[in-house]
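Heavy atoms only: backbone and side chains are in, while hydrogens, waters and symmetry mates are out.
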Amino acid sequence: MKFRPVRKFRKSLLTRYVLILGIAFVFIPVMIPISFIAAWGVNVLLNPDHYGHEIRPYGTGKQIEAAWHQAAAELKGAQAETINAKLREMKQRYPDAALYWVDTAGMTRLQLPEQASLPPQWSLEDTIAFMKQRVDADPFTVVAFIGGDEQAKQGFMVLELPRKYMVIQKGEQFSDNRFYGVFIAILLGAFVLLSYLFFSDIRKRLLRLEAGMTRPGPDGLPSPIEEGRPDEIGRLELAFNHMVFALKDSRQREREEEELRKSLISHLSHDLRTPLTVLGSHLYSFRQESLSEQGKQSLALMETKISDLSGLMDHLLSYNLLSSGRYAMSLERLDILRIVRESAAAWYPVWEKNGITADIELPEQPIYWNVDAQGFRRVLDNLFQNLVRHAGSGRYAGIAVEPYEGTTALTISDHGPGMGSVSANGGAGLGLQIVDLLLREMGLARATISSEAGTKVYIYPAAKLSLK
């Protein structure tokens, strides 16, 4: 499986992150003015009558003055009722203005509306003071002679209008702040959403990768994961899948090699037994013949080696069966001290022949463990055989029951040189491996303490020790 080539910078996570930062930097100088324009545009669309023209309620001062003088000129020779009617008409045109007129006798006539500050009878001084007060003042005041000039001798009429109604005003506008805030919120939300989606996608892909690493499949190996975009995480996913496929191929090759090894051991064991049996029978025939002392020694050595080879074949077969889980075991609650006594009795002649003193101190009370009788005897046989072969020089074999790590343990000890020394009868170590496999199948464990003064092997229930 080949890796993808290095991807272009535009497909990198770094590129996406820099792009988000670029949007953030552009946000202030560009997006805020855009939001102002967008808010103004929305206001124009929603309120078209308030944009694009100016409202002048009563026109400019010149327009008002011209209209007032024209209305006064139209009243030349008019009676009081006509003048009153004209003022009422002008009041409708200028509803925010104060209108009144004064006749030739100086009497204040119709007032629209009534004003308490006006004198009912105008004197020359009142007229002059009024004129001086109204120059460039507020309200804006226009005085016109009725009939067009003073020659008409009909008096004068006055219009007083607050200047605020004369200022050029823009139409009432709805505040842009409402829509501006909305657009700012939308832009901020878009930026937050982009950031969230970016990091959420990374988090989701990393969690998926973690799940693939920590959750083994049916074969006990991690399962391949779906590959995402070809960025840095995508390359990591690709590398992970490549590792998974390599592990599966390695596991498959290991299984095939294991099957080949087991098959080879099984066939070799069976194929070697026949010639060993033939050799054993011929050696027995030789023993019946008349041999010299040296011949007898050679014959004994050959018989020993054939016996060792036969034992090795047994070990190979047992190890093959145990490692493949095909060793038949039947666990029962048995008194292990009885099995130990029987095995020790069977090995006593061998110990005696090799000058080994057996020191057996077992209690009278039985000790019950869940064991397979044949398997437990095989454990004892292997340990006793190792004692004879590697620790026979110590001339001692001890069997006892002692407390160990809070439980009761069976101990087998010797006074040999220890496991650190080199034995002339050293083998491949299959005996102890078979012991460990058998003990594990029976829920037992082994601990060994070895020194130059000897070796002690403890056998105890593993479950009880783990509950401590």
Starting at [atom1] of [X], measure out to [atom2] of [Y] and round the result to the nearest 0.5 Å.
X	Y	atom1	atom2	value
W351	T357	CH2	OG1	11.0 Å
E342	L337	CD	CG	11.5 Å
E160	D96	CD	CG	13.5 Å
H242	L247	NE2	CG	10.0 Å
L444	D436	CG	CG	11.0 Å
N386	L432	CG	CG	5.0 Å

Can any side-chain N or O of [X] pair as donor or acceptor with the backbone N or O of [Y] at less than 3.5 Å?
X	Y	answer
R446	R440	no
K456	A447	no
R163	A137	yes
S343	I339	yes

(message) Going by ring pair (Phe, Tyr, Trp, His ring centres under 6.0 Å), name the residues that satisfy it together with Y94, two or more places apart in sequence or in a different chain.
(response) Y58
(message) With side chain to side chain contact (heavy atoms under 4.5 Å, CB included) as the test, pick out the partner of L387 among V457, D414, T455.
(response) D414
(message) Are P113 and K91 packed together at the side-chain level, in the sense that at least one heavy-atom pair is separated by less than 4.5 angstrom?
(response) yes
(request) Answer whether the closest heavy-atom distance between the side chains of I360 and V340 falls below 4.5 Å. (result) no
(message) Below 30° counts as parallel, above 60° as perpendicular, anything between as tilted: where do the rings of Y404 and Y460 land?
(response) tilted
(request) Identify, with sequence neighbours excluded, every residue that meets side-chain hydrogen bond (donor to acceptor under 3.5 Å, both in side chains) alongside W347. (result) D381
